[in-house]
J.: 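First the structure, then my questions, so here it is.
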Protein chains: 2
Amino acid sequence: MSAPDPIPAEKSGSAKTPPRSRIQRRNRQIILDAALEVFSTHGFRGATLDQIAAQAGLSKPNLLYYFDSKDAIHRELLTRLLDTWLDPLRMLDAGGTPQAEIMAYMRRKLQMSRDFPRESRLFANEILQGAPRVEQFIRNDLRVLVDDKARVLRAWADAGRIAQTDPYHLIFSIWALTQHYADFAAQIGMIRGDGHDPLDGAEAFLEHLYTRLLAP
Amino acid sequence: MSAPDPIPAEKSGSAKTPPRSRIQRRNRQIILDAALEVFSTHGFRGATLDQIAAQAGLSKPNLLYYFDSKDAIHRELLTRLLDTWLDPLRMLDAGGTPQAEIMAYMRRKLQMSRDFPRESRLFANEILQGAPRVEQFIRNDLRVLVDDKARVLRAWADAGRIAQTDPYHLIFSIWALTQHYADFAAQIGMIRGDGHDPLDGAEAFLEHLYTRLLAP
DNA sequence: AAGCTTCTTGACTGGATGGTCAAACTTGAT
DNA sequence: ATCAAGTTTGACCATCCAGTCAAGAAGCTT
């Protein structure tokens with residue numbers, strides 16, 4: 001399992017930021033970016049190291065100089081993604097104004113679909129396959145966070161500050177509606193015409209939708 | 001490209017229902033069912049003929065006796081899926097009551113997520129990859145249908161029978177919200193607890209949502 | 001500039017996988 | 001029962017693909 005490692009990791013177990021050379025940092029980033037492109041459209045099995053190498057402008061052995069394996073590249077991408085995946089929901093503040101907080105959460109998620117559609121598709125691919133690589137993340141981190149925020153939403157509803165709705169389905173609806181614009185962008189683009197920005201009008205629509213849904 | 005075909009297709013170009021023996025019909029169905037299971041969770045590239053054969057309880061060469069290639073199995077699945085994919089939207093009746101029609105469409109889509117989650121994931125996989133195999137279907141059939149129904153929705157809005165909303169985003173929202181329960185079932189299951197039915201409460205929530213969204 | 005380290009790659013390997021084939025087995029009509 | 005057609009499969013092949021390796025090129029340090 002442990003091949004001689006050309007990139008010596010620091011003594012400290014899983015060093016968060018092993019001191020890498022300029023070239024190391026640059027090329028690892030190039031590879032991750034290329035891999036994100038390829039993995040997000042073809043899935044893990046559908047992607048080949050040759051594709052990633054071509055996309056990165058590097059040779060295949062060179063990829064494997066910077067990462068131990070195809071799997072290691074994919075794991076690194078997922079790890080980086082999950083690190084920030086929870087942030088928008090985490091920012092939902094129990095002390096804020098209910099409508100404004102929920103609306104802001106929706107807007108943050110929509111912004112992620114706009115700014116990071118490949119990351120969204122990478123995640124979608126993972127869930128479609130049954131979430132084998134992110135199961136623990138979902139069962140632990142995500143679930144705890146959702147349970148926590150669901151309590152906040154329920155409290156708001158019980159206090160009559162927003163309409164009575166199932167807080168879980170409310171959260172799922174925000175995920176579904178916002179991620180759809182990233183994950184199904186190809187379909188939307190083909191229906192609306194290729195010159196059209198798939199996200200055009202989405203924010204106004206979703207604001208309208210949640211305004212009406214949440215009004216007490 | 002054209003290998004000697006052990007299953008003679010009828011003279012008439014693409015016979016819709018070539019007369020097959022009892023065994024043929026049975027085994028083709030078994031294979032398609034197994035393939036749907038495998039393709040929908042692993043994607044086209046991620047699925048192997050050996051997996052499908054094992055799932056079907058047949059040998060790999062036997063699979064290839066009934067279908068020309070892995071691709072042919074996949075194509076057949078997609079063709080059958082697309083044939084019925086449009087039906088729920090097609091049934092939306094311009095002559096009906098706006099709220100009731102839209103609500104019924106939402107319910108039909110939700111029912112499809114309940115009854116055919118694998119088909120939904122097969123489709124989602126396809127779109128995630130950029131819709132290479134269904135591009136013409138989307139650009140032609142689906143687009144025309146959506147444009148048509150969008151006109152209906154717009155007319156209803158202009159007549160003041162439902163609230164003013166972008167008809168395209170309204171349709172997309174129904175797709176997103178209903179398909180999410182099939183495509184992201186793994187995630188929902190892990191968050192709500194494994195004993196829980198992911199779709200529990202979904203219909204009530206969506207009815208509530210669209211009631212409020214559409215009220216003039 | 002020398003010498004050491006880091007980086008890069010052409011050529012290769014082993015295993016997985018889609019697909020073939022000829023021989024064997026079943027089925028159904030007579 | 002017999003025979004032809006339809007069905008099944010073990011053994012095999014060719015290609016693809018993740019990963020290896022040794023040798024060479026480029027950077028750094030002095």
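Numbers restart at 1 for each chain; the letters A, B, ... are given by sequence-line order, proteins then strands. Bear in mind that the values here come from a model prediction, so they are computed numbers and not experimental data.
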J.: For the pair made of CG in A/Asp50 and P in D/dC16, what is the distance, rounded to whole Å?
T.: 11 Å
J.: Show me the side-chain donor-acceptor pairs of residues 185-204 of chain A shorter than 3.5 Å, one per line, residues at least two apart or across chains.
T.:
residue: A/Asp194; atom: OD2; partner: B/Arg139; partner atom: NH1; Å: 3.0
residue: A/Asp194; atom: OD2; partner: B/Arg139; partner atom: NH2; Å: 3.4
residue: A/Asp197; atom: OD1; partner: A/Leu199; partner atom: N; Å: 3.0

J.: Nearest whole Å is fine: how far is D/dC17 C1' from A/Ile73 CD1?
T.: 14 Å
J.: Grab the CZ-P distance between A/Arg25 and C/dC7 for me, whole Å please.
T.: 11 Å
J.: Tabulate atom names and distances for all N/O pairs under 3.5 angstrom spanning the protein and nucleotides 13-15 of chain D.
T.:
none

J.: Tell me whether the side-chain N/O atoms of A/Arg22 come closer than 4.0 Å to OP1 or OP2 in D/dG27.
T.: no
J.: Rounding to an integer number of Å, can you tell me how far B/Lys70 NZ sits from D/dC16 P?
T.: 14 Å
J.: When you measure from the side-chain N and O atoms of B/Arg45 to the phosphate of C/dT17, is any distance below 4.0 Å, counting only OP1 and OP2?
T.: no
J.: C/dC7, OP1 or OP2 - any side-chain N/O from A/Gln24 closer than 4.0 Å?
T.: yes
J.: Go through the structure and list residues passing ring-ring contact (aromatic ring centres under 6.0 Å, His included) with B/Phe44, not counting sequence neighbours.
T.: B/Phe39, B/His74
J.: Nearest to the side chain of A/Leu64, heavy atoms from C-beta on, is which of D/dT20, D/dA18, C/dG19?
T.: D/dT20
J.: Could you note down all residue pairs passing side-chain hydrogen bond (donor to acceptor under 3.5 Å, both in side chains) where residues 172-183 of chain A supplies at least one of them, sequence neighbours left out?
T.: A/Tyr105-A/Trp175, A/Ser120-A/Asp183, A/Ser173-A/Tyr210, A/Tyr181-B/His169
J.: Could you tell me which residues satisfy side-chain hydrogen bond (donor to acceptor under 3.5 Å, both in side chains) with A/Asn27, sequence neighbours excluded, listed by chain and number?
T.: A/Tyr66
J.: Heavy atoms only, 4.0 Å cut-off, all strands: where does A/Ala53 land among base, sugar-phosphate and nothing?
T.: nothing
J.: I'd like to check the salt bridge (charged side-chain N to carboxylate O under 4.0 Å, His left out) partners of B/Arg26; sequence neighbours left out, ordered by chain and number.
T.: none
J.: Among residues at least two apart in sequence or on other chains, which ones pass salt bridge (charged side-chain N to carboxylate O under 4.0 Å, His left out) with A/Asp50?
T.: A/Lys60
J.: Taking atom P of D/dC21 as reference, at what distance in whole Å does atom CG of A/Asp68 sit?
T.: 13 Å
J.: What protein N or O atoms touch nucleotides 8-10 of chain C N or O atoms at under 3.5 angstrom, if any, and at what distances?
T.:
residue: C/dT8; atom: OP1; partner: A/Asn27; partner atom: ND2; Å: 3.4
residue: C/dT8; atom: OP2; partner: A/Asn27; partner atom: ND2; Å: 3.1
residue: C/dT8; atom: OP2; partner: A/Asn62; partner atom: OD1; Å: 3.3
residue: C/dT8; atom: OP2; partner: A/Asn62; partner atom: ND2; Å: 3.3
residue: C/dT8; atom: OP2; partner: A/Tyr66; partner atom: OH; Å: 2.4
residue: C/dT8; atom: O5'; partner: A/Asn62; partner atom: OD1; Å: 3.2
residue: C/dT9; atom: OP2; partner: A/Ser59; partner atom: OG; Å: 3.1
residue: C/dT9; atom: OP2; partner: A/Asn62; partner atom: OD1; Å: 3.4

J.: Residues from residues 31-44 of chain A sitting under 4.0 Å of DNA chain C, heavy atoms only?
T.: none
J.: With a cut-off of 3.5 Å and sequence neighbours excluded, list every side-chain donor-acceptor pair involving residues 81-89 of chain B.
T.:
residue: B/Thr84; atom: OG1; partner: B/Leu81; partner atom: O; Å: 3.1
residue: B/Asp87; atom: OD1; partner: B/Arg90; partner atom: NH1; Å: 2.6

J.: Of all residues at least two apart in sequence or in a different chain, which pass the salt bridge (charged side-chain N to carboxylate O under 4.0 Å, His left out) check with B/Glu37?
T.: B/Arg118
J.: If only atom types and distance count, is the side chain of A/Gln51 paired as donor or acceptor with the main-chain N or O of A/Thr48 below 3.5 Å?
T.: yes
J.: Decide yes or no on salt bridge (charged side-chain N to carboxylate O under 4.0 Å, His left out) for A/Glu119 and A/Arg80, but give the supporting numbers first.
T.: CA-CA 10 Å; A/Glu119 282 82 350; A/Arg80 292 188 180 202; over 6 Å; no
J.: Quick test of your reading: applying side-chain hydrogen bond (donor to acceptor under 3.5 Å, both in side chains), list the pairs with at least one residue in residues 144-154 of chain B, sequence neighbours left out, ordered by first then second residue.
T.: B/Asp147-B/Tyr168
